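In what follows, a structure is listed as structure tokens, so that the remarks can point back to it.
Below, chain A is the first sequence line, B the second, and so on; all start at residue 1. From a predicted model like this one, the values you see are computed outputs, not experimental measurements.
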Amino acid sequence: MPEMPEVETVRRGLMKIAAGRKIVGIDVHYGKTIENDVEEFRQALIGQTIKRIDRRGKYLLFRFTNDLTMISHLRMEGKYFNQKTGSPIDKHTHVVFHLDDGTDLCYHDTRKFGRMHLVKTGTEMEYGGLRTIGPEPTERDFKLDYFERILGKSRSKIKPFLLNQSHVAGLGNIYCDEVLWQTKINPEQPANTLTHKQAAALRKNIIHEIAVATKYKGTTVHTFTNAFGNAGAFQEKLVAYGHVGDRCPRCGTKMVKIKVAERGTTFCPHCQPLVEKK
DNA sequence: GGCCTTGTTTTTTA
DNA sequence: ATAAAAAACAAGGC
């Protein structure tokens, strides 16, 4: 469930614990985490230094010396933390990077869904979801005229539309439900039926929500922790996600949970009515 | 042990 | 041919 604010929080933590460190050894305990040949992956990285960590959408990009970039996607439950070399390795820790400062950078993933892919720097945008990734959800990159243009072209329900990373990067199930509640838009509203006013408000709320959640160091649902093993604080601010049966803070109506595009979706049936207009 | 979870990719349908 | 919907997939927790 790490969405953009969580991934950005992880990136900032990694910059503190891993940037500038040299890899002196790598242990891979679950090979499928690595998309490359595991031995080639190890040999290519041992001796290299992590220059910095970038992020695009929900993808982390570890920049190494030697023109190597490691694309890392946490999927549902991936997390990084560091511990002293020699500390016990948890059974869900699948990759251990031994660093030159006497610590291990551990990749831990209960579901084993996360993946790492080592590629040549400069070619990273040719892999997987990065090929078609949309703009970052920021004032600067996510322009209103672009948003209105792609909304108008789509008959898709607005919720799966927003989950599609090629439209705008970074939103997942949680923030999607939140911004639709904030904007009073029904998750099943067809994208091309949104008014100019709704599109503008939705864009504003997306940008604002992501920025605030990032400021709060992300949302901890289930087990998300940042690179220091700390939980985020934003879950206390959630109104929709995880609040089925609670009363809507705006109108007092009980929040309802349905499935939209096979995803659990919580919304207020009073504030977010489905209106067929065009 | 069937079902739930979510992000992404693949397959099917319209 | 295209877009959208549906299904598949990853795997562990309960």
Pairing donors with acceptors under 3.5 angstrom, does anything connect the side chains of [X] and [Y]?
X: A/S72; Y: A/Y80; value: yes
X: A/N173; Y: A/K159; value: yes
X: A/S154; Y: A/N192; value: no

A/H270, NE2 atom: more than 12 neighbouring heavy atoms under 6.0 Å: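 No, because the 6.0 Å sphere around NE2 of A/H270 holds 12 heavy atoms or fewer from other groups.
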A/K22 atom NZ, over 12 foreign heavy atoms within 6.0 Å: no
Looking only at side-chain N and O atoms, does [X] come under 4.0 Å of OP1 or OP2 in [N]?
X: A/S154; N: C/dA4; answer: yes
X: A/K257; N: B/dT5; answer: yes
X: A/S156; N: C/dA5; answer: yes

Aromatic ring pairing A/F147/A/F161, orientation class (parallel under 30°, perpendicular over 60°, tilted between):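 A/F147 and A/F161: tilted rings.
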Parallel, tilted or perpendicular: rings of A/H94 and A/Y107 (30°, 60°):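 Plane angle between 30° and 60°, so tilted.
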Would you kindly give the [atom1]-to-[atom2] distance between [X] and [N], to the nearest whole Å?
X: A/M76; N: C/dA10; atom1: CE; atom2: C1'; answer: 10 Å
X: A/D177; N: B/dT6; atom1: CG; atom2: P; answer: 9 Å
X: A/K157; N: C/dA5; atom1: NZ; atom2: P; answer: 7 Å
X: A/K79; N: C/dG12; atom1: NZ; atom2: P; answer: 14 Å
X: A/N164; N: B/dG7; atom1: CG; atom2: C1'; answer: 11 Å
X: A/R111; N: B/dG7; atom1: CZ; atom2: P; answer: 13 Å
X: A/F113; N: B/dT5; atom1: CZ; atom2: C1'; answer: 8 Å
X: A/E3; N: B/dG7; atom1: CD; atom2: C1'; answer: 10 Å

Sugar-phosphate, base or nothing in reach of A/K159, heavy atoms under 4.0 Å: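 A/K159: no heavy atom of the nucleic acid under 4.0 Å.
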Proximity to the side chain of A/K259 - top-ranked nucleotide from B/dT5, C/dG13, C/dA10: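 That would be B/dT5.
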Whichever of A/K91 and A/H167 has its nearest DNA chain C nucleotide further upstream toward 5':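 Final value for this comparison: A/H167.
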Position toward the 5' end of DNA chain C (nearest nucleotide), A/K153 or A/K32: A/K153
Summary of protein contacts for nucleotides 8-14 of chain B, nucleotide by nucleotide, where a base hit scores B, a sugar-phosphate-only hit scores S (4.0 Å, heavy atoms): BS-----
